[in-house]
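One structure is given here, and the rest of the page talks about it.
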Amino acid sequence: MHFLDQAKIFVRSGAGGPGAVSFRREKFIEYGGPDGGNGGKGGDIIFEAVPGLNTLIDFRYTQHFRAPRGHGGSGSNRTGAGGDDLLIRVPVGTQVLSEDKDEVLADFTVPGERIVFLRGGDGGRGNATYKTSTNRAPRQHGTGWPYQEMWVWLRLKLLADAGLVGLPNAGKSTFINAVTNAQAKVGAYPFTTVRPQLGVVSRHNREFVVADIPGLIEGAADGAGIGDRFLGHIERCKVLLHLVDATEEDPVGNYRIVRGELDAYGGGLVDKPQVIGLNKIDALDPADVKKLVTKLKRASKSEVMPLSGAGGTGVEAVVDRLIEAIGPAEGAPARDDDTPPGEWSPV
């Protein structure tokens, strides 16, 4: 399935049905009077977040969504049938933006969340509702309230607990393959990852989601390389794992390049908790690794964890550090390790 994280669509709710102009005419009924019913309500445009989707590819082939209008009223005070609501299913993490992308109109972060985005027009009044003591035979009626329509952008931001950042060939895909069941493409050339990848890490009876995005290069904020368009997928992450290639000529300079691109992008990425991993240490002597760790620690002013995604060295320690940064699972009760467990009971 192709990955698509942006799509522009047109949505229109249903217009209300017109009210009826009708008069009761029955044999042996002396005073009939008006009996035109109201029109039916137009259908609503409803967005729903559903689990199991991680792409907007369906909206590449279907861009126009129109809810049906309400039916007109009829005689004998019969109200017209309402138009069916139109349900648009989107992946969890989808944002609905205005046409100019300046305003977030809806943000879906919970599976099953529903929002009535555009309300259908109310039905028009039939002539029976216009009857008064001085207007016994009204012929006016309501034509129904009009529909609502607009162009919107759908933007998908994948929901993950931890995000991987770094230059191309920093070993991000190798790392996510090592700690999850993901099968990200790995190659000895830059930009082997061309779309975000998700994987689930299971360790110490905990599970959390890791997102791998295409590598950043200097000038990504200005469109260099793949650019920074995929950074939105890690805006919701609780922690970032910044992988630095230990085999490059200037690991410290590479670290600063990625930090500069995160700062240029904004979105609070540069302020998120960050775990720095010096990757590919199996290709260097231990003494050289120790020197690089010291230099990188001095430049970043934070802890640097050496690891090898391909060889597995230090990977478990990095995963434990990510779990610590993510914090306790939502809904998990706080537990004091000094408190002895209570007696087991089936009740």
Side-chain angles (χ1 to χ4, degrees), residues 158-186 192-193 196-216 230-231 233-248 251-252 254-259 262 269-329:
L158 297 177
L159 297 180
D161 299 298
L164 303 182
V165 296
L167 290 178
N169 275 357
K172 301 186 299 299
S173 297
T174 302
F175 179 85
I176 196 173
N177 288 345
V179 300
T180 73
N181 289 328
Q183 297 179 352
K185 184 178 180 180
V186 177
T192 53
T193 300
Q197 299 277 351
L198 288 179
V200 180
V201 180
S202 298
R203 181 167 172 79
H204 299 319
N205 296 323
R206 281 286 305 276
E207 288 189 348
F208 65 94
V209 180
V210 176
D212 173 26
I213 64 170
L216 300 172
F230 293 116
L231 283 177
H233 294 288
I234 59 174
E235 284 186 20
R236 306 180 194 267
C237 294
K238 298 178 182 178
V239 59
L240 301 181
L241 174 58
H242 186 167
L243 291 180
V244 180
D245 189 350
T247 63
E248 291 289 333
V252 174
N254 293 343
Y255 164 79
R256 292 194 175 109
I257 288 175
V258 175
R259 288 286 293 181
L262 295 179
L269 293 183
V270 76
D271 299 323
K272 286 184 177 293
Q274 208 173 113
V275 177
I276 302 174
L278 185 64
N279 199 13
K280 304 182 183 180
I281 61 171
D282 52 345
L284 300 176
D285 294 332
D288 295 333
V289 172
K290 187 175 181 180
K291 292 179 182 178
L292 286 177
V293 168
T294 302
K295 291 181 180 179
L296 196 55
K297 185 181 298 185
R298 188 181 300 116
S300 63
K301 298 180 181 180
S302 58
E303 180 186 7
V304 177
M305 307 187 69
L307 75 144
S308 171
T313 305
V315 171
E316 292 184 352
V318 172
V319 172
D320 291 340
R321 183 69 182 85
L322 292 176
I323 293 177
E324 180 183 345
I326 292 171

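Computed from a prediction, not measured in an experiment: that's the story for all the values here.
The minimum heavy-atom distance linking P196 with P214 is given by the pair N-CD, 4.2 Å. Here the closest heavy-atom approach between residue L269 and residue I234 is recorded as CD2-O, 3.7 Å. S302 and I276 make their closest contact through OG-CD1, 3.2 Å (heavy atoms, listed as atom of the first residue, atom of the second, distance). Closest approach of G163 to C237, counting heavy atoms only: N-SG, 3.6 Å. Smallest separation of non-hydrogen atoms from L164 and K172: CD1-O, 3.5 Å.
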### Query
Would D320 and H204 satisfy side-chain contact (heavy atoms from CB on, under 4.5 Å), going step by step from the backbone distance to the final call?
CA-CA 9 Å; D320 291 340; H204 299 319; 3.2 Å; yes

### Query
Is there a side-chain contact (heavy atoms from CB on, under 4.5 Å) between V318 and V179 once you walk through the steps?
CA-CA 10 Å; V318 172; V179 300; over 6 Å; no

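At distances below 3.5 Å, at least one donor-acceptor pair connects side-chain atoms of K272 with backbone N or O atoms of E235. Here the side chain of N279 pairs a donor or acceptor atom with the backbone of G309 at under 3.5 angstrom.
No side-chain heavy atom of L296 sits less than 4.5 Å from a side-chain heavy atom of P251. You'll find the side chain of L241 stays beyond 4.5 Å of the side chain of R321, heavy atoms only. Residues V209 and L159 are not in side-chain contact: their nearest non-hydrogen atoms beyond the backbone lie 4.5 Å or more apart. Looking at heavy atoms from C-beta onward, N254 lies out of side-chain contact with D245 at the 4.5 angstrom threshold. At least one side-chain heavy atom of I281 sits less than 4.5 Å from a side-chain heavy atom of T313. Counting only heavy atoms from C-beta outward, the side chains of N181 and V200 never approach each other to under 4.5 Å.
By the ring pair (Phe, Tyr, Trp, His ring centres under 6.0 Å) test, Y255 pairs with H242, sequence neighbours left out. Applying the side chain to side chain donor-acceptor pair (under 3.5 Å) test to E207 and every residue at least two apart in sequence or in another chain returns S202.
In this structure, CG on L307 lies 7.5 Å from CG on L278, to the nearest 0.5 angstrom. I176 contributes atom CD1, which lies 7.0 Å from atom CG of L198 (distance to the nearest 0.5 angstrom). Between the NZ atom of K280 and the OG1 atom of T247 there is a distance of 4.5 Å, given to the nearest 0.5 Å. Between the OG1 atom of T180 and the CG atom of D212 there is a distance of 9.0 Å, given to the nearest 0.5 Å. Here CG of L262 is found 12.0 Å from CD1 of I257. Values are rounded to the nearest 0.5 Å. Interatomic distance, L243 CG to M305 CE, rounded to the nearest 0.5 Å: 11.5 Å.
In this structure, R203 pairs ionically with E316, as a charged nitrogen and a carboxylate oxygen lie closer than 4.0 Å.
A side-chain contact (heavy atoms from CB on, under 4.5 Å) with L322 is found for one member of L240, V239, D161, V201 and no other, namely V239.
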